[in-house]
Amino acid sequence: MEKRYPEYQQLSLTTIADDILKFWDEEKIFEKSVTEKEGKDSFVFYEGPPSANGMPGIHHVISRTLKDLVCRYKTMRGYQVNRKGGWDTHGLPVELGVEKLLGITKEDIGKKISVEEYNATCRREVLKYKDKWDELTRKMGYWVDLKHPYITFENDYIETLWWCLRQLYDKDLLYESVSIQPYSPAAGTGLSSHELNQPGTYKDVKDTSVVAMFKAVRNQDSEFLFKDSTADIYYLAWTTTPWTLPSNLGLTVGEKIDYCLIETANPYTGDFVNIVVAQPLIGQYLKPEGEGQCFDQYKAGDKIVPWKVLKTFKGKDLEGLRYEQLLPSEANTLEKVQEITPGADPFKIITGDFVTTEDGTGIVHTAPAFGADDFKVGKSHNLGILTLVDKEGKFIDGVGEFSGRYVKDYKDEKDYVDVNVDIAVKLKLEGRAFRIEKYEHNYPHCWRTDKPVIYYPLEAWFIRTTAAKDRMIELNKTINWKPASTGTGRFGNWLENMVDWNLSRSRFWGTPLPVWRTEDGEEEICIGSKEELIVEIGKSIDKGFVALANRETKEAYILRMTKDLHKPYVDDIVLVSPNGKPMKRVPDLIDVWFDSGAMPYAQWHFPFENKETFKKNFPADFIAEGVDQTRGWFYTLHVLGALLFDSVAYKTVVSNGLVLDKNGNKMSKRLGNAVDPFVTLAELGPDATRWYLITNASPWDSLRFDVEGIKEVQRKLFGTLYNTYQFFALYANVDDFHNQHAEIPVSERPEMDRWILSSLNSLVDEVVKSFDDYEPTVAGRAIDTFVNDELSNWYVRLCRRRFWKPARTENGVVNAEDVKDKISAYQTLLECLVTVSKLMAPVAPFFADWLYKNLMDGTGAAQKPSVHLTDFPVANGLVIDKELEERMALAQDISSLILSLRKKVNIKVRQPLQKVIIPSLGADFERRLQSGIQIIKSETNIKEVELLPVDNDFIKKRAKANFKTLGKRLGARMKWAANEIQQLTNDKIDEAVNGQLLLNPDYEKAGEDPIYITGEDLELSTNEIPGYEVAIKGPLTVALDLELSDALKNEGYSRELVNRVQNLRKVHKLEITDKIVLIVEQKNGVKDIISGFNEYICAEILARQIDFVPELKDGEKIEVNDDILTVKIIKI
RNA sequence: AGAUCCGUAGCUCAGCCUGGUUAGAGCACUACACUGAUAAUGUAGGGGUCAGCAGUUCAAAUCUGCUCGGGUCUACCA
């Protein structure tokens, strides 16, 4: 017989993946899935560009699975989904990799190696692992266009970036300013915090710390502090970097922090002073024993210093008060400050939210030049800025005795004297230090020179994101975040606290900032296109700023200078200003995050090309990346979308969590717990891997990756589905079923079929809803449950006979009813399998296609060559019958209870039992039970199901309170009532069910309200049924009649015999269609039993007849119940 | 320091939005059974202070607050 449906020896998910991959390639299925949708609505997806200079890890598989499944799903829902791949190619990681490769440092660039050569190496190295990435992409089944990716280092890409920058520049959103950055005076360079995160840069060091005393100025505002005492008042502020004190311009306090004015003495000089310090920190500076002690006997140097709190107030009250400069000198006079920052108003107390009472005094010494917080708060409170230290790390002229001294030992001087100590000593002598001590803390060091870093103001270019802050917050509210909390929380919060975007990077391999400027800084130009640059160069040549080399034409020169828009070429370009002065490019490169944030525009080389394409593909309907991109890519996309187009850049964003190892540790190469995705895919197959990643945890939860989990998915889902298919194929091939019959209307199919179809359509409904809601985990789990619990373990198991029962008898009589039943079963199972293949296609694309193709091979009625080109199923509401699904659930529960009873009393299922009694739970229950009775009987091998009417007094009932209805009414009496109800007897229960029951008859005596309960306040169940074994689940009770009549015993015996013979057939490797003759050795009474069930037995074992012989020499022994029988089967 | 997610059985996770009776499932383990889907299946068993504390409520795994533990992000970083 021709086998229409392929049958397999065993399931090999890896073979399936290989075969299907080949099929996709050969038939160009991915291309077709896009081209076939030409003209349909598009679903816009952006691929976040990975950097190909590192190997892909398993965590890339999860985010890409997520992206892929959404795109596949939307394709099947009828959208055209273009997916352009991309590569992120600039930035520090690439540069560091190259430096390592070449064995050089940043300083060597331009010296040992030319910038040109260096950048060429970067360009080459950055796509080092591109092949590996492409391979992973293919093998995991991620459909994305790898043939036409956008690459951020290409000229066209950079040109769009320049266009974007020019737009921002024209809108006055691009500006240059000073910012505080980590700076290494020893190396003479700023450091990125990436560099600060190199191992070993943070070291524990002991520094001289000072609690300095800033003398309060008495005026109208501060009068409230002065009225209680005549002594001078000092604000105490702590610092671990005393060298910043001459640059002090303010003191910052916390608005809501409590501060105290305290009368005490300077511990070094013994002078009586009043100090101001945060209330929670008093204990750090003054001993409790000193509180309230008499001042008369105190002298300098005494261990216990007397003190007394004069006043307590909030930081807010201090705002605006003035103090005298701590270390005045020529260089830091008010005039000098105002010379540098006109209009500045320093030397006052301000408030800042970064102030804590963790350490220090609760008053923060603020030197805007040397701290990011200081700078920010200084700027907003107009303190001005003073930088009394130069770029070499030494004090500038005009700082008195400290001028010319290095603030840290940057030059490895033999006799270096710590200037910080000298400053402390000076303060101590002047009575301006309250405490001086060595303080050990963690401080960053330059990873090249090992010298301490300082924070230092440096020029940098910024995007004025804060200008559009409100709009960005508003736009963010329209974005569908998965999970929502990331949007409102992490991202929303980030937007609320937004600062301007520091674009500047002082590296070599990156997009150059296209700003040219005259030396005096008076004139500058921002170039917005290559064309514009060419024009400007032309002007410059005409002006004579460019000395053309021998015989080089103007055109050739321009071509040479613009063929690569990177360093060093752009730096060699000199342009001419409107006033005729030469302009050179500012040295900065831009943050690589700008590169990726601008991909919606740059991937199409907009606006220079593809204007229409861009319009159709902006904004994205959907993006997805790891949650670590929240403030990375998600942010930069959002910024540029908002600033350039006043639009969101994406409508839905899914942020997936991390992949941890099975012990919950972060995967890292160093720990050796990183999972190689290639190994996983090769060994376990992409489908199981993808399914596991998606269904094990919500994408945004972090996932503990364990290969055992994938194996479980293999076994449970794919194994079961494979078995189900095999089962179908086996019998469909036998019966030559290939969907050649007219479809039997669902209403005419048996209840079992209607049930699984209802369940299937309910599943479709749920899966569609979940995918639409970007909840693939819910969808996957639902499919899993359907396949295992409903389709395989219930439908197929219960319907097995329908498939292998012959539709015609041996002599060819066809029973029309049987035929129809069989066709119905095939049609039903086929529909389930085909539908499941489509439902699972987004998540398990290989297996789904394999299953689909096998089924279509059999039916020969393929709508499409691949499941991925089909339409996603749509639930047919008419087929969904929730009532039927409930009925089946009831039948399942009852069957399960009966099976557990059989187990309990040790009567195997093959032994028929006469009767099961089920107490009714009301009319509804009876109706629902009725249609399940047949199923229960055959599933549990029981002859009859007897329904016990509600009002019988045969069983003992048990009532439980319905907390939901009663709780609201009774309130505090609930506990009491629940207890009462539990003790109700049959007649009381009946009273309630039939009308109402007064629960507290003596309510009047107790002075209470009467409590009436009705049937709906009770949940009834059964306590016991005399003479029966009883099992209970919730309100449901079944009672099993255990009596075995001879007839039942004999029937059991026959069934047992059938089972043994079936085993023999299997052992002898008979085909399931082979006919046999059974020969049995005669033995006491056996013949009578067997003969009584002759027809049944023959039908089951496909025997033409059963012969009995007195003695069977070459027979086999089988055990039936307690008998040993000798039998023989002969194939005919 | 701030933000955010997570904490339920040995493990992986449901349940929480919308409070209600004895908190579920799978894996693993133990025992028994079943076997024409068989690398499957059924039944039973052990296994839980639902991280902790407090509050709201007749009633809290569920709502609120705080604390603890873990992860991630941010602190001008790619």
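Here the structure is a predicted model, which is why all the values come from computation and not from measurement. Heavy atoms only: backbone and side chains are in, while hydrogens, waters and symmetry mates are out. Note on naming: letters A, B, ... go to the chains in the order of the sequence lines (proteins, then strands), and numbering restarts at 1 for each one.
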Among side-chain atoms of A:Asp735 and A:Tyr826, is any donor-acceptor pair under 3.5 angstrom?
yes

- Integer angstrom distance from the P of B:C53 to that of B:U62: 12 Å

Which side-chain N or O atoms in residues 778-787 of chain A pair as donor and acceptor under 3.5 Å with protein atoms at least two apart or in another chain?
| residue | atom | partner | partner atom | Å |
| --- | --- | --- | --- | --- |
| A:Arg781 | NE | A:Thr695 | O | 2.9 |
| A:Arg781 | NH2 | A:Thr695 | O | 3.1 |
| A:Arg781 | NH2 | A:Asn696 | O | 3.0 |
| A:Asp784 | OD1 | A:Asn788 | ND2 | 2.9 |
| A:Thr785 | OG1 | A:Arg781 | O | 2.9 |

Looking at A:Glu625 and A:Gly48, would you say the former's side chain and the latter's main chain have a donor-acceptor pair under 3.5 Å?
yes

What contact category does A:Trp501 fall into here, base, sugar-phosphate, or nothing, at under 4.0 angstrom with non-hydrogen atoms? nothing

Discussion item. Ring centres under 6.0 Å, that's the criterion: do A:Phe462 and A:Tyr175 meet it?
Written reply: yes

Protein and nucleotides 55-61 of chain B: nitrogen or oxygen contacts under 3.5 angstrom:
| residue | atom | partner | partner atom | Å |
| --- | --- | --- | --- | --- |
| B:C58 | O4' | A:Gly971 | O | 3.0 |
| B:C58 | O4' | A:Ala972 | N | 3.0 |
| B:C58 | N1 | A:Gly971 | O | 3.3 |

What residues 777-789 of chain A contributes to the RNA chain B interface at heavy-atom separation below 4.0 Å is A:Arg781

Q: Check whether the side chain of A:Ser792 and the base of B:A37 form a donor-acceptor pair under 3.5 Å.
A: yes

Fit a plane to each ring of A:Trp509 and A:His90, take the angle between them on a 0 to 90° scale, and name the class: parallel (under 30°), tilted (30 to 60°) or perpendicular (over 60°). perpendicular

Note to self: Keeping A:Thr152 on the side-chain end and A:Thr89 on the backbone end, is there a donor-acceptor pair under 3.5 Å?
What the structure shows: yes

Within the structure provided, determine whether A:Leu829 and A:Phe727 are in side-chain contact (heavy-atom separation under 4.5 Å).
yes

Check whether any side-chain N or O of A:Asp591 sits under 3.5 Å from a backbone N or O of A:Trp593 as a donor-acceptor pair, and report yes or no.
yes

One should report the stems of RNA chain B, each a stretch of at least three consecutive Watson-Crick or G-U pairs at distances under 3.5 Å, as B:1-7 with B:68-74, B:10-13 with B:24-27, B:29-33 with B:41-45, B:51-55 with B:63-67

Judged by atom type as modelled, is there a donor-acceptor pair below 3.5 Å linking the side chain of A:Arg797 to the main-chain atoms of A:Asn793? yes

Hits for salt bridge (charged side-chain N to carboxylate O under 4.0 Å, His left out) against A:Glu980, two or more places apart or cross-chain, chain-then-number order -> none

Using the 3.5 Å cut-off, write out each protein N or O paired with an N or O of nucleotides 5-9 of chain B and the distance between them.
| residue | atom | partner | partner atom | Å |
| --- | --- | --- | --- | --- |
| B:C5 | OP1 | A:Ser485 | OG | 3.4 |

- Task: Could you tell me whether a side-chain N or O of A:Thr466 sits under 3.5 Å from a main-chain N or O of A:Lys469, the two making a donor and an acceptor?
- Result: no

* Mind telling me whether A:Tyr795 and A:Phe803 have parallel, tilted or perpendicular rings, with 30° and 60° as the class edges? => perpendicular

Just so I know, are the side chains of A:Met974 and A:Phe963 near enough to count as touching, which here means a heavy-atom distance under 4.5 Å? yes

